[in-house]
There are 2 protein chains.
Amino acid sequence: MSADLRRRAKGSAGVESAGPENAGTDEAGSKSSLQRGLAILRLLASSNEAGARLTDISRALDLTPPTVHRLLKILVEEGMAEADKATKRYRLGIDLFGLAAQAGNPNNLRDICRPILLRLSATLRDTIFLLVRSGFDAVCLDRSEGPFPIRSFTGDIGGRVTLGVGQGSLAIMAFLHAEEREEVIRFNLPRMQGVGIIDEVYLRTEIARVRDFGYASRSTGLLPGMSGVAVPVLDRDGYAVAALSVGTISERLNEERLPVVVDILKRESAAISRQLNPFDPVLRRPAAILGGGPA
Amino acid sequence: MSADLRRRAKGSAGVESAGPENAGTDEAGSKSSLQRGLAILRLLASSNEAGARLTDISRALDLTPPTVHRLLKILVEEGMAEADKATKRYRLGIDLFGLAAQAGNPNNLRDICRPILLRLSATLRDTIFLLVRSGFDAVCLDRSEGPFPIRSFTGDIGGRVTLGVGQGSLAIMAFLHAEEREEVIRFNLPRMQGVGIIDEVYLRTEIARVRDFGYASRSTGLLPGMSGVAVPVLDRDGYAVAALSVGTISERLNEERLPVVVDILKRESAAISRQLNPFDPVLRRPAAILGGGPA
DNA sequence: CCCATCTATTCCGTATATCGGAAGCTTTTG
DNA sequence: CAAAAGCTTCCGATATACGGAATAGATGGG
């Protein structure tokens, strides 16, 4: 259902990657065993919750059963995968979970934003998303469901959207460095076919609008009847590091409520920015006032 | 600070592992490149948020720089690590995040419990933990901070505690299959030195008490002034699949509030159990009532 | 109940992918 | 500006990972 959101873009600009002048090799031949192992993990992640069997993996990744068996053994030993002895099925291991808690969390953004997301979803009674940029995509770092009314079960944590599609990623895009934004537009325009935006002029108009008003809100949602509003979270230099996004049914974002929501979002976004001190990593850590683990 | 909670037990009973009659080999010599790659990921996870440099990793894992370089390159290409070109430091990649969203999530436990955790932390105004068993440890699957008063910053998501230490893991332990519990006790007693429990008799008494009353609450917390209450989350057969745990300052768990908290926890735990249908995986998925991604 | 089929696991020779020394290159430090 | 430390590339030796084949185990059908 939401598996399509999880696909990742090939490149990874702004962070690293082999660079544009790729070595030109591979694209099929000679994978390292590390790559194979990671491929297995990804496959396990995308397979249903019952898990995948050895042969399934073998076939899907075009590896021989002995190879898969050996790799899986290592993954299990390392805690990255779990084998259900009864059903002979493999799932992702809990240790991955521990890894990821630390992952993709520059500036402790997630920790900082968590209480804010909670507050927002409680106040607005809608689902709130925290998105960050990752290459040419936006990634959902966290989300907080509203207390009742509407819940959306897509856009899971870790899910990816093409940067420029959807309000959150649009808000990020609008507040990137100019050159970066150009790069993203160039790369992403072809990827946006079939999701509403095919027109560069339109996209640029939208971006300008978002920059002017400080928020993104377009009624042409990805899904009929659904709408969203999003504001960027800016660093000290005024560039986007993330976006706060509200997803709800269109009726709930009418012209009288919209400005209120935007106002609240902007206030919270500013609060986050204030906690993002790019110069002192130490201060960024929320102080451990009182210890106490899972009691 | 909480890095010690992240260490994992050697074995992984109940799930898999090479079994007790281990091949007897290794334990230092000859690591596969997959293992090395995963070791790097773990190191990145445990290094501070600034990230680790190539040489740091090289030294820490006793690998030559060229090796680390090559592995890191692969990890970056695969999205499991990110290289900050400016500072020459490596961090965990966001893709890991996407993986883990699916990991260690049997029965969608986390999705099911998320709203309940939120409700609990809002109601009780304390921090709520969701713990599951992983081998001889309990792992923190999710947590939800209370709105104000006290927040504990240890016991992070993904953190591990020895099964039997702390109320949450005690609640799980008390409701395991008898043989499994024995195995856990045997394995964990030596590991419990210095965290309060050194006496098998005392531990067994505690477990019996928890079974009788249906909740765990011991004032001898890991940290002075802190206390916790926990109830198990049971499957259809009455065995523990998880625990709900409240961590707070001792004053807030006095004899008049404790029963109230326990009551609420039990109710929510029962609600979770009801959603755990081991026979129909399809029904377990929360239905996507309305779509709508990060808008 | 036994046989046929599919899957998981072990074994082992081969070949390839991995390793690490050495050297070039870049960045930081004094 | 020189020196040191760190990062990256190259390449030959070898350890390691691969996959075919055969075994053991599970599943299902006749």
Side-chain angles (χ1 to χ4, degrees), chain A residues 15-41 43-44 47 50-78 80-91, chain B residues 15-19 21-41 43-44 47 50-78 81-91:
Chain A
V15 183
E16 232 282 60
S17 84
E21 18 68 284
N22 195 321
T25 46
D26 52 68
E27 187 57 43
S30 77
K31 295 249 170 235
S32 72
S33 75
L34 176 53
Q35 281 172 307
R36 285 188 236 256
L38 296 176
I40 291 179
L41 289 182
L43 185 72
L44 290 181
S47 64
R53 288 175 315 166
L54 192 143
T55 356
D56 302 334
I57 302 170
S58 166
R59 273 196 274 271
L61 301 178
D62 199 34
L63 300 170
T64 60
T67 299
V68 175
H69 181 254
R70 190 170 33 79
L71 292 173
L72 275 174
K73 194 170 157 227
I74 295 173
L75 290 174
V76 168
E77 278 168 2
E78 298 286 327
M80 300 297 156
E82 288 176 354
D84 187 328
K85 278 208 151 115
T87 64
K88 294 282 194 135
R89 286 197 143 85
Y90 291 87
R91 284 178 275 111
Chain B
V15 183
E16 230 283 58
S17 83
E21 19 67 283
N22 194 322
T25 47
D26 53 70
E27 187 58 41
S30 75
K31 295 248 170 238
S32 71
S33 76
L34 175 54
Q35 281 173 307
R36 285 187 235 259
L38 296 176
I40 290 179
L41 289 183
L43 185 72
L44 290 180
S47 65
R53 288 176 315 168
L54 191 144
T55 352
D56 302 334
I57 302 170
S58 165
R59 274 195 273 270
L61 300 179
D62 197 37
L63 300 170
T64 60
T67 299
V68 175
H69 181 255
R70 187 172 38 80
L71 292 174
L72 275 174
K73 195 171 157 225
I74 294 173
L75 289 173
V76 168
E77 279 168 1
E78 297 287 327
E82 288 176 355
D84 187 329
K85 277 206 152 119
T87 64
K88 295 282 194 131
R89 287 198 143 86
Y90 291 87
R91 284 179 274 110

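Order of the sequence lines sets the chain letters (A, B, ...), proteins ahead of strands, with each chain counted from 1.
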Compare the minimum distances between each of [options] and the side chain of [X], then state the nucleotide with the smallest one.
X	options	value
Ser33(B)	dA17(D), dT9(C), dC7(D)	dA17(D)
Arg53(B)	dT7(C), dT9(C), dC7(D)	dC7(D)
Thr67(A)	dA8(C), dG6(D), dG19(D)	dG19(D)

Rounded to the nearest Å, what distance is computed from the [atom1] atom of residue [X] to the [atom2] atom of nucleotide [N]?
X	N	atom1	atom2	answer
His69(A)	dA24(D)	NE2	P	15 Å
Leu72(A)	dT10(C)	CG	C1'	16 Å
Lys73(A)	dA8(C)	NZ	C1'	13 Å
Leu71(B)	dC7(D)	CG	P	15 Å
Lys31(A)	dA17(C)	NZ	P	12 Å
Lys85(A)	dT7(C)	NZ	C1'	17 Å
Gln35(B)	dT16(D)	CD	P	11 Å
Leu63(A)	dT9(C)	CG	C1'	17 Å

Would you say the side chain of [Y] lies within less than 4.5 Å of the side chain of [X], judging by non-hydrogen atoms?
X	Y	answer
Leu75(B)	Leu34(A)	yes
Val76(A)	Tyr90(A)	yes
Leu61(A)	Val68(A)	no

Of Arg59(B) and Pro66(B), the one whose nearest nucleotide on DNA chain D sits closer to the 5' end is Arg59(B)

Determine, step by step, whether Arg59(A) and Thr55(A) satisfy the side chain to side chain contact (heavy atoms under 4.5 Å, CB included) criterion, reporting the C-alpha distance in whole Å, the side-chain angles of both residues, the deciding distance to 0.1 Å, and the verdict.
-> CA-CA 6 Å; Arg59(A) 273 196 274 271; Thr55(A) 356; 4.0 Å; yes

Which part of the nucleic acid, if any, lies within reach of Thr64(A) when heavy atoms closer than 4.0 Å are counted: base, sugar-phosphate only, or nothing?
-> base

